[in-house]
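Only one structure is covered here, and it is reproduced in the block below.
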There are 2 protein chains.
Amino acid sequence: MKKKSTIVDIAARVGITPSAVSKALHGNTRISDDTRNAVLKAAQELGYQQNSMASALRTGRTGLIGILVPGIHYSFFSSAIKGAEEVLSDAGYSVMISQSKDSQEQEKKQLDGFVRANVEGVIASLGMETKQVGFYQEFSKDRPLVLFDRVFEDESISNIVIDDFQAAVKVVDHLAEMGYRRIAHLGGYSHILAFNKRMEGYKYGLVKHGLPVLDHFIFESSPDKDFAMAVMESLFNLPDPPDAVVAASDYLALGVLNFAKSRQIDVPGQLGIVGFSNEELTKHITPSLTTVDQFSEAMGQAAAELLLDQISCIHKGQEAVSQRRVFIPKLIVRDSTRRELHLANDE
Amino acid sequence: MKKKSTIVDIAARVGITPSAVSKALHGNTRISDDTRNAVLKAAQELGYQQNSMASALRTGRTGLIGILVPGIHYSFFSSAIKGAEEVLSDAGYSVMISQSKDSQEQEKKQLDGFVRANVEGVIASLGMETKQVGFYQEFSKDRPLVLFDRVFEDESISNIVIDDFQAAVKVVDHLAEMGYRRIAHLGGYSHILAFNKRMEGYKYGLVKHGLPVLDHFIFESSPDKDFAMAVMESLFNLPDPPDAVVAASDYLALGVLNFAKSRQIDVPGQLGIVGFSNEELTKHITPSLTTVDQFSEAMGQAAAELLLDQISCIHKGQEAVSQRRVFIPKLIVRDSTRRELHLANDE
DNA sequence: ATGAAAGCGCTAACAG
DNA sequence: CTGTTAGCGCTTTCAT
């Protein structure tokens with residue numbers, strides 16, 4: 001454990017004071033080129049590393065950004081984090097990561113952890129169970145906050161979403177075009193805006209195509225494969241089961257697919273299935289799954305950019321205005337809805 | 001932006017000194033219950049939050065742990081991070097994450113970032129291109145370091161690996177048992193210990209079963225699907241192509257599978273395929289892929305535990321001894337090698 | 001262009 | 001049991 005050198009050591013070596021060293025190291029202040037070079041050289045020789053705790057304490061800036069997601073192992077979130085991390089790291093920030101595991105309590109706790117660590121800003125996506133968002137609003141009064149994907153409505157908080165309504169309409173358009181008529185919906189909890197929008201888009205789509213909106217075809221749940229199978233079980237015990245399912249997530253869709261396999265239901269012939277997220281696995285399963293691409297990495301990047309924007313606004317002493325960015329989703333048609341199977345043509 | 005209160009404010013309110021407050025807040029020191037309660041109450045009322053920068057500066061402890069992986073979007077790594085994050089977060093640490101993108105330069109840079117942020121320890125997995133590991137060794141002289149999965153040999157550094165040799169032997173055992181005789185190997189770069197061990201295990205397995213070790217059946221590469229397809233192309237232009245392929249990663253195996261599909265080669269009849277990692281998608285593709293489970297989440301947890309161990313050793317003033325933990329891999333037999341297809345029986 | 005001095009908020013010896 | 005004191009390493013006026 002070698003002891004690290006400080007600006008005092010450098011000062012001693014060069015024969016000036018610590019304050020002069022500090023200035024020389026930061027470049028911006030007026031200092032003679034000679035001393036600056038001497039300082040730089042000495043710093044090099046001593047293997048000087050600036051003590052971030054000290055400067056953080058002094059300046060109030062930690063160079064830390066927190067990212068809070070339900071779970072890092074979902075490919076949507078890990079891609080988003082990948083995108084954000086790259087942008088933030090390039091801008092000289094370090095990234096802290098926490099998982100809420102879809103629990104509101106955890107979420108609060110982790111956000112608190114960020115506060116204690118003195119992050120300069122946070123990028124977050126809400127957990128499924130999160131209904132009260134007061135603590136987020138509280139937080140965002142103090143520091144920049146950008147929400148992405150799973151957001152709540154608040155004029156004063158920046159967010160990045162995809163146009164989920166639009167996406168769901170596109171999905172129904174496609175299904176209708178393929179001749180599906182009895183389209184069910186397996187949604188997520190509707191207090192999450194994204195899921196709510198998908199639900200609305202689904203309904204709008206049905207109406208647009210003159211299809212019936214049936215309450216008993218609409219479900220709301222956690223993104224759980226087993227739940228999906230249970231729901232399908234009940235649907236297929238009806239005299240008129242659906243001929244297509246719009247799932248609010250790929251994992252739900254996977255559950256539907258498993259159910260179909262177990263019951264020998266032909267996909268896409270007897271049952272069309274659409275997922276949501278374009279998880280990596282959707283293109284590899286059989287039949288490959290029609291889904292909606294959410295541009296996860298780009299969303300992460302955009303979230304990081306908005307946050308950096310806000311931070312720099314604050315440093316310039318301006319009031320940071322909240323912004324929102326909406327990504328236009330892309331329907332990826334694959335075999336699970338391709339009723340007359342032409343040549344497979346992914347992506 | 002409400003100004004946050006400090007222990008000085010609390011001290012003033014309760015009518016004692018800051019140092020007494022500090023003791024009261026930390027519980028361990030001898031302090032009367034009365035004052036402690038008064039302090040706690042005042043802290044509550046003032047919404048006191050301890051300033052981590054100040055205490056970090058004073059104590060030299062930041063409560064930060066860095067995790068460095070090639071890419072957070074690989075499910076192996078994101079699961080490992082999930083496991084580690086949970087353990088570390090429970091132990092009161094915050095987790096910083098960086099990606100090396102398999103570049104040694106990035107890796108150095110990110111590790112440096114960790115040093116600047118004054119992390120108390122690092123968990124890392126090497127990038128593919130990393131051949132010089134001096135900067136890791138340098139780092140580990142200063143602070144606890146635990147390597148996992150992609151490690152290098154160094155007595156003094158703790159690591160977590162699976163027994164890759166063992167795993168590869170199991171794979172070959174299984175293939176031999178299924179009657180495959182001409183078994184090729186698509187490996188990763190052999191300077192990565194894990195890949196090297198897999199290679200050795202593969203060879204050992206062949207010898208054990210009296211099968212020929214053919215140099216032109218052995219390849220070394222980056223984990224790239226397209227590369228896999230190219231290699232297979234060349235192998236199947238030989239007069240005696242292989243009847244099975246052991247791939248060092250699931251993504252390589254996926255490339256092999258794609259090749260087989262494009263050439264109408266029957267899997268598992270004509271060609272058996274085994275992957276490595278048990279990525280989520282391997283169980284959903286058709287045919288489902290025989291692979292080796294690496295217990296990614298458990299590895300992450302174990303890495304975190306070893307690191308916490310080392311940190312607590314250091315705090316106790318003991319020399320931290322390096323430990324290694326080896327996970328016994330588990331072969332997951334699925335359809336891509338199940339020559340006589342019995343009832344599907346996953347996991 | 002450089003130096004002196006003060007202090008960010010907290011903690012840890014040491015006194016009392 | 002509680003208070004006093006002295007910094008951790010750095011930045012930042014204000015003087016020189």
Side-chain angles (χ1 to χ4, degrees), chain A residues 1-40 42-43 46-64 115-120 142 315 317, chain B residues 1-40 42-43 46-64 92 115-118 120 142 315 317:
Chain A
M1 199 72 162
K2 64 189 162 201
K3 58 200 150 209
K4 34 232 157 194
S5 49
T6 74
I7 55 170
V8 179
D9 301 325
I10 297 180
R13 181 180 260 248
V14 178
I16 53 174
T17 62
S19 71
V21 174
S22 175
K23 284 167 199 157
L25 255 22
H26 291 298
N28 36 351
T29 336
R30 293 177 304 257
I31 202 106
S32 77
D33 284 353
D34 286 355
T35 35
R36 163 169 302 121
N37 291 139
V39 165
L40 259 28
L46 293 171
Y48 171 75
Q49 289 261 186
Q50 104 127 303
N51 181 326
S52 62
M53 300 176 285
S55 83
L57 175 59
R58 194 61 235 258
T59 61
R61 302 194 46 183
T62 54
L64 256 32
V115 171
R116 262 201 313 282
N118 257 286
V119 296
E120 291 185 38
D142 278 358
H315 289 155
Chain B
M1 197 74 161
K2 64 188 160 199
K3 57 199 151 211
K4 34 233 156 192
S5 47
T6 74
I7 55 170
V8 178
D9 301 326
I10 298 179
R13 181 181 260 247
V14 179
I16 53 174
T17 62
S19 70
V21 174
S22 175
K23 285 167 198 157
L25 255 22
H26 291 299
N28 37 352
T29 334
R30 294 178 302 258
I31 199 107
S32 76
D33 284 353
D34 286 355
T35 35
R36 163 171 300 122
N37 291 139
V39 166
L40 260 27
L46 293 171
Y48 170 76
Q49 288 262 186
Q50 104 127 300
N51 181 327
S52 61
M53 300 176 286
S55 84
L57 175 59
R58 192 60 237 258
T59 60
R61 302 194 45 183
T62 53
L64 256 33
V115 172
R116 262 202 313 282
N118 257 286
E120 291 185 37
D142 279 357
H315 289 154

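Below, read A as the first sequence line, B as the second, and so on, with proteins coming before strands; counting in each chain starts at 1.
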TODO: Nearest whole angstrom, please: distance from the P of C:dA4 to the CD1 of A:Ile7.
DONE: 14 Å
TODO: Rounded to the nearest angstrom, tell me the gap between atom NZ in B:Lys23 and atom P in D:dC1.
DONE: 12 Å
TODO: Would you kindly give the CD1-to-P distance between B:Ile16 and C:dG16, to the nearest whole Å?
DONE: 20 Å
Task: Rounded distance (Å) that lies between atom P of D:dC1 and atom CG of B:Asp34 - done: 11 Å
Task: Worked verdict on B:Asn51 versus B:Thr6 for side-chain contact (heavy atoms from CB on, under 4.5 Å) - done: CA-CA 8 Å; B:Asn51 181 327; B:Thr6 74; over 6 Å; no
Open item on the list: Tell me the interatomic distance from B:His26, atom NE2, to C:dA12, atom P, rounded to whole angstroms.
Closed with: 7 Å
Task: Protein-nucleotide distance (A:Gln50, atom CD; D:dC10, atom P), rounded to Å - done: 7 Å
- [ ] Name the nucleic acid region contacted by B:Thr17, choosing base, sugar-phosphate or nothing; use a 4.0 angstrom heavy-atom cut-off, strictly under.
- [x] base
- [ ] For residues B:Asn118 and B:Leu64, determine if any side-chain heavy atom of one lies less than 4.5 Å from a side-chain heavy atom of the other.
- [x] no
- [ ] Please report, rounded to the nearest Å, how far the C1' atom of D:dA6 is from the CG atom of B:Leu57.
- [x] 13 Å
Task: Base D:dT4 to side chain B:Ser19, donor-acceptor N/O within 3.5 Å cut-off - done: yes
- [ ] Applying side-chain contact (heavy atoms from CB on, under 4.5 Å), run through A:Leu25 and A:Val39 and close with a yes or a no.
- [x] CA-CA 7 Å; A:Leu25 255 22; A:Val39 165; 3.5 Å; yes
- [ ] Measure from CZ on B:Arg58 to P on C:dG7 and round the result to the nearest Å.
- [x] 18 Å
TODO: Check whether any side-chain N or O of B:Thr35 sits under 4.0 Å from OP1 or OP2 of D:dT2, and answer yes or no.
DONE: yes
Task: Value rounded to 0.5 Å, distance of CG in B:Asp33 from CG in B:Leu40 - done: 10.5 Å
Task: Toward the 5' end of DNA chain D, by each residue's nearest nucleotide, B:Gly15 or A:Tyr48 - done: B:Gly15
- [ ] Ignoring backbone atoms, establish whether B:Ser22 has a side-chain N or O less than 4.0 Å from OP1 or OP2 of C:dT11.
- [x] yes
- [ ] Starting from the 5' end of DNA chain D, give me the residue, B:Pro18 or B:Thr59, whose nearest nucleotide shows up first.
- [x] B:Pro18
Task: Rounded distance [0.5 Å steps], CZ in B:Arg61 versus CD in B:Glu120 - done: 4.5 Å
Task: Candidates D:dC10, D:dT12, C:dC10 - which lies nearest the side chain of A:Ala54 - done: D:dC10
Task: Residue closer to the 5' end of DNA chain C, A:Ser32 versus B:Asn51 (nearest nucleotide) - done: A:Ser32
